[in-house]
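Remarks on the structure that follows.
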Amino acid sequence: MATLSDIGVAAAINILTAFAFFIAFAILRLQPVNDRVYFPKWYLKGLRSSPIKTGGLASKFVNLDFRSYIKFLNWMPQALRMPEPELIDHAGLDSVVYLRIYLLGLKIFFPIACLAFTVMVPVNWTNTTLDKLQNLTFSDIDKLSISNIPNGSSRFWVHLCMAYVITFWTCFVLKREYKIIGSMRLQFLASDQRRPDQFTVLVRNIPPDPDESASELVEHFFKVNHPDYYLTYQAVYNANKLSELVQKRKKCQNWLDYYQNKHSRNPSKRPMIKVGFLGCWGEEVDAIDRYTEKIEGLTRKISEEKEKVTSSKKSLVPAAFVSFKRRWGAVVCAQTQQSRNPTEWLTEWAPEPRDIYWDNLALPYVHLTIRRLVIAVAFFFLTFFFMIPIAFVQTLANIEGIEKAVPFLKPLIEMKTIKSFIQGFLPGIALKIFLIVLPSILMLMSKFEGFISKSSLERRCASRYYMFQFINVFLCSIIAGTALQQLNSFLNQSATEIPKTIGVSIPMKATFFITYIMVDGWAGVAGEILRLKPLIIYHLKNFFLVKTEKDREEAMDPGTIGFNTGEPQIQLYFILGLVYAAVSPILLPFILVFFALAYVVYRHQIINVYNQEYESAGAFWPDVHRRVVIALIVSQLLLMGLLSTKRASRSTPLLFILPVLTIGFHRFCKGRYEPVFVRYPLQDAMVKDTLERTKEPNLNLKTFLQNAYVHPVFKEADNVKDEMVEEEPRPDRTPDLVATKRSSKRHTHTSGSSLENST
């Protein structure tokens, strides 16, 4: 059981760590050689030039202006200075909506914390229940929790009233925020520049036809059913093998650049490599000649594979991107059923081109249900087996309880400093380490499920991560921690007394979560701004691979917000805050520090660093809202169960009303505000079309759309080295893809067979 001194040690360690990260960041960001690491977004926008190009030799690498080091925290007010409308123009609506999750936490928990410390803490502290219980492990911090109130006490009415205040205030803030963000989304879509996805729908599960080719079938279907608005379409090819070849060629090109740079530094010696496994043994050959030969071979294969993909009907996927003359036509098509058979001609809004995850477009639609069932089973076992390391982490947090049951461990951890370090710091960092590999595993699972956009992949991964955090980090930590913590009490009392002990012990897990918040929410957030990994990788690439300014730009790794990992992590703090607000309010100040610090840090990163891969106009907010509501209901149910073990029978029935009211509130918000994030209003589409026709009456929309949804690997394949240009398709081959799909050269029977095979 972590004591007050243990928490103090943990707080000191994490505060010093965060402060060290901030100082290191303040120094590193001022150095000219690191400018592209800490301000890559401005370079990508073309609004910043490298300071290395100017000044003397020393000033190109080190900032010699010592006055700039004095105000090492001036990045904080600078991050808060940019107004929200300007931030939307600069970084996109997704980034701004993501930041508002942190503001939502501050809006919910700051008033609750003030009220809890004014009312709840004195009510809990002025009791002596824990002192009277025998064989129970507790600390002074636990006296601030509901565990310190005797069974059947009339003081539980205070906790009941607090639960109502928390529920109504949280729902009020959630509704207000939902309305604001819904309005921001509609305003953003109305004022946004013309984009291909506004006119395009993705059609999947196109049925095979023995009398028509796939191209003829798609064009005929939409000309008949959407005669006034249909414009053009682009077929989808299975180009996964071509993509693999292009990626292999890129890797070989990087190695060739590396060895050419190495040779240029020492022209008298040619670089040599071994051709055996991992370059550890085998014949020694010239590295430059070796990789030049590999690149030439891959270039030929790329040309052959591209020709094969674009000419073979077997490469066609039963899907297409269909574009319309007006947004209104795209809205009607995307939001209506196209065929009598509801499993054919399935339409949905096309993701914007940079949002598409092209590898999954080649998956047959009928396989998706099976894939998702397999992943659901795999996720269940992943969650179950991960309980083992979580239980191990809890042993670190409950050393005193184990000492009573297993006395021979006591001499190993008797020293006060070591004990404080183990109980106050080690559990949080151990849990953080165990969770490092989890997001990568969950992303692989999401890709296997077959989602066709990066945004849907991230939202699916975030949903899995949230479920995992809730089950393993929250519930398992409480259950396993309570069992280990009160092990001695369980062994020396009757079975009828065990529920009572659990009811008293659950609030005591606040000390473990405090240590986790400080490690993850304080030091972890401070470490995010340091960007140590991108800093090291950039300088390695800059030294070994970079030859031109274009290479240097590609070496920058601005990264993204990481919604799939960041949002579920934030939701864990919402769960902790709402659950412990009426049980152990001591947790709330630590959560408030996290939300405030994270808001400033991530605002700075969004302004200067992150470069979002896509723009969904805040489409993820319904997920955020739903998870906060789930956290609120969980807090109500746990408080209900806790009060039942404390024999507060008169106040417990009144808590049954809260989950019902909360579910009703969620259903209201779902019906009132969620449609804005799912469908696009016909009225808005017509207004935007009318304004566009008025401003640009001669707009050639077909030219704007015809290459928007060409697989990017075709464009990359056109950029192969000049030495193989005679074997490449003509430069205008890719733009001709749309035209060749409609040509009459395709044979009807072959096309129908290929579609059957693809399906």
Side-chain angles (χ1 to χ4, degrees), residues 36-37 39-47 87-99 101 185 188-189 192-193 195-198 200 202 239-240 243 246-247 250 321 348-361 439-440 442-447 449-465 528 531 533-534 537-538 541 550 553-569 602-621 623-624 677 707-716:
R36 289 181 179 269
V37 178
F39 301 96
K41 189 161 194 167
W42 297 101
Y43 282 93
L44 294 175
K45 287 178 171 287
L47 300 176
L87 186 58
I88 293 175
D89 294 336
H90 176 69
L93 185 61
D94 277 344
S95 299
V96 173
V97 171
Y98 183 83
L99 285 175
I101 304 177
R185 175 179 168 86
F188 178 81
L189 293 175
D192 193 22
Q193 296 180 350
R195 299 188 310 183
D197 55 290
Q198 297 170 347
T200 307
L202 173 62
N240 291 348
S243 180
V246 171
Q247 293 302 319
K250 281 184 177 180
F321 291 101
E348 59 184 283
W349 277 109
E352 63 168 324
R354 57 181 180 162
D355 187 21
I356 297 174
Y357 186 69
W358 292 93
D359 291 352
N360 281 351
L361 276 177
S440 300
L442 296 179
M443 181 56 74
L444 289 174
M445 287 182 168
S446 300
K447 290 178 179 178
E449 287 184 276
F451 293 98
I452 53 119
S453 67
K454 298 173 185 175
S455 56
S456 58
L457 281 172
E458 289 200 341
R459 288 201 293 270
R460 183 63 164 185
C461 186
S463 177
R464 301 277 193 203
Y465 197 17
E528 171 65 25
R531 287 177 57 80
K533 180 181 175 182
I537 292 176
Y538 170 76
K541 288 183 176 179
K550 184 179 179 181
E553 187 171 303
E554 291 178 353
M556 292 190 302
D557 180 22
T560 63
I561 292 175
F563 178 82
N564 59 310
T565 57
E567 192 270 344
Q569 197 68 13
Y602 281 97
R603 206 174 201 274
H604 173 274
Q605 298 296 82
I606 284 171
I607 292 173
N608 298 299
V609 181
Y610 297 146
N611 186 45
Q612 281 300 97
E613 296 180 350
Y614 59 85
E615 177 60 60
S616 69
F620 55 82
W621 188 259
D623 296 333
V624 175
F677 296 85
N707 295 325
Y709 286 95
V710 172
H711 198 306
V713 76
F714 291 132
K715 301 173 184 178
E716 294 179 11

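In this view, E449 and R460, R464 satisfy the side chain to side chain donor-acceptor pair (under 3.5 Å) rule, not counting sequence neighbours.
Counting only heavy atoms from C-beta outward, the side chains of W621 and I101 approach each other to under 4.5 Å. Using a 4.5 Å heavy-atom cutoff, the side chains of V37 and R531 are in contact. R36 has its side chain within reach of Y538: a pair of non-hydrogen atoms, C-beta onward, lies under 4.5 Å apart. Side-chain contact check for L361 versus H711: every heavy-atom pair is 4.5 Å or farther apart. Counting only heavy atoms from C-beta outward, the side chains of W349 and D197 never approach each other to under 4.5 Å. Looking only at side-chain heavy atoms (C-beta outward), I88 and F188 come within less than 4.5 Å of each other.
Going from atom SG of C461 over to atom NZ of K447 covers 9.5 Å, rounded to the nearest 0.5 Å. The CD1 atom of I561 lies 10.5 Å from the CG atom of N611; values are rounded to the nearest 0.5 Å.
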Item checked: Step-by-step side-chain contact (heavy atoms from CB on, under 4.5 Å) determination, W42 to I607 -> CA-CA 9 Å; W42 297 101; I607 292 173; 3.9 Å; yes
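The aromatic rings of F620 and F563 are tilted relative to each other, their planes meeting at an angle between 30° and 60°.
Counted by atom type alone, Y614 and E458 present one or more donor-acceptor pairs between their side chains at under 3.5 Å.
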